[in-house]
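Below you'll find the structure, written out as structure tokens, and then a few comments.
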Amino acid sequence: MGHNPKSSPPPECLAEEKQKKSGDYKCGDVLERLKEDFRNKCYLCESKAPNTINVEHFIPHRGDTDLKFDWANLFLSCGHCNNTKLAKPEYDHILNCTDPEHDVENRIRYEIKPFPKEKAHITALDEAAEVRNTVFLLEAVYNGTTPLKSIESENIRKNLLDEIIRFQKLLYEFYHCTGQKIT
Ligand SMILES: [Zn+2]
């Protein structure tokens, strides 16, 4: 959930679709723009190139056409996270990673120990309600809320660990300048 500002201006088709009776917010270049803005990562679990992609309404539109077609309200998420968040009212108020003022990186701490089966620990660094809600949602995303989702969460954590370990190896090689690859 690093800081990812949204590109502007909004895709032109959104204003047109908004006028239609059953307009589509996934119109024109919306998907490509989201993919670029979110660097092809789910904004919640940060899985890269997720197998399932959903366009999520950061604040659920619940039939409100302004929210439904508002470019600032469209986020890229994976199926797992979209499904975990659903439209639970408490998740209407979470930290917004596209807004620099929310300062997401300094308000929550992630901890995943680099061992298989270790759960993720997310900690709130201040008392604000949106920080608490975000922590609650991320705990659900990374650890699962049902037996099925727990398996999905385990896969997400494994992929993250793979990435961390790859990164650690590169750092090790870089700082030791051995010229030898660690396999
Ligand atoms: Zn996700």
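Numbers here simply count residues along the sequence, with the first being 1.
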Open item on the list: For K158 and D162: C-alpha separation, side-chain torsions, deciding distance, then whether salt bridge (Lys or Arg N to Asp or Glu O under 4.0 Å) applies.
Closed with: CA-CA 6 Å; K158 187 191 169 291; D162 286 351; 3.0 Å; yes
- [ ] Evaluate the criterion side-chain contact (heavy atoms from CB on, under 4.5 Å) for residue pair L76 and K41; output intermediate values, then yes/no.
- [x] CA-CA 7 Å; L76 192 74; K41 288 201 271 186; over 6 Å; no
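- Note: E139 CD to T123 OG1 = 7.5 Å, rounded to the nearest 0.5 Å.
- Of the possible polar contacts, one joining the T146 side chain to the K149 backbone as a donor-acceptor pair under 3.5 Å is found.
- Put simply, the side chain of K18 never gets that close to the backbone of D24: no donor and acceptor are under 3.5 Å apart.
- No hydrogens or angles considered: a donor-acceptor pair under 3.5 Å links the side chains of N82 and E56.
- A donor-acceptor distance shorter than 3.5 angstrom exists from the side chain of N133 to the backbone of H93, with no hydrogens or angles considered.
- Around the NZ atom of K88, the shell of radius 6.0 Å holds more than 12 heavy atoms that belong to other residues, nucleotides or ligands.
- For an aromatic pair to be called close, the ring centres must be under 6.0 Å apart, and H57 with Y25 satisfies this.
- Considering OG1 of T134 and CZ of R132, their distance stands at 10.5 Å, rounded to 0.5 Å.
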TODO: Please test E17 against K20 for salt bridge (Lys or Arg N to Asp or Glu O under 4.0 Å), starting from the C-alpha separation and ending with a verdict.
DONE: CA-CA 5 Å; E17 291 297 316; K20 296 182 186 167; 2.8 Å; yes
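- How far NZ of K68 is from CG of L74: 11.0 Å, rounded to the nearest 0.5 Å.
- Taking 4.5 Å as the limit, some side-chain heavy atom of L137 sits within range of a side-chain heavy atom of K85.
- Put simply, CG on D103 and CG on L125 are 10.0 Å apart, with the number rounded to the nearest 0.5 Å.
- In this structure the side chain of S153 reaches within 4.5 angstrom of the side chain of H80, judged on heavy atoms.
- For the pair D37 and W71, the minimum side-chain heavy-atom distance is below 4.5 Å.
- No side-chain N or O of S77 forms a donor-acceptor pair with one of N54 less than 3.5 Å apart.
- Between C78 and C45, a gap of 2.5 Å or greater is found separating the two SG atoms.
- We find the CZ-CD distance between R157 and E152 to be 12.0 Å, quoted to the nearest 0.5 Å.
- The main-chain N or O of K119 is never found under 3.5 Å from a side-chain atom of N143 such that the two would form a donor-acceptor pair.
- Here the closest heavy-atom approach between residue C97 and residue V104 is recorded as CA-CG2, 3.9 Å.
- Using a 4.5 Å heavy-atom threshold, the side chains of F58 and I94 count as touching.
- Heavy-atom neighbours of N51 CG from other residues, nucleotides or ligands within 6.0 Å: at or below the threshold of 12.
- Atoms CG and CD1, on D66 and I59 in that order, are 12.0 Å from each other to the nearest 0.5 Å.
- No side-chain heavy atom of Y43 sits less than 4.5 Å from a side-chain heavy atom of C81.
- Within 6.0 Å of atom CD in E12, 12 or fewer heavy atoms from other residues, nucleotides or ligands are found, so the atom counts as exposed in its surroundings.
- Contact check for F75 versus T98: side-chain heavy atoms found under the 4.5 Å cut-off.
- Between R109 and H121 the shortest side-chain heavy-atom distance does not fall below 4.5 Å.
- Checking side-chain atoms of H102 against main-chain N and O of N96 turns up a donor-acceptor pair under 3.5 Å.
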TODO: Could you give me the CA-CA distance, side-chain angles and deciding distance for K35 and D29, then say whether salt bridge (Lys or Arg N to Asp or Glu O under 4.0 Å) is met?
DONE: CA-CA 10 Å; K35 192 178 150 189; D29 58 350; over 6 Å; no
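- Smallest separation of non-hydrogen atoms from A128 and R107: CB-NH2, 3.6 Å.
- Partner of V141 under the side-chain contact (heavy atoms from CB on, under 4.5 Å) criterion, out of I122, N83, T84: T84 alone.
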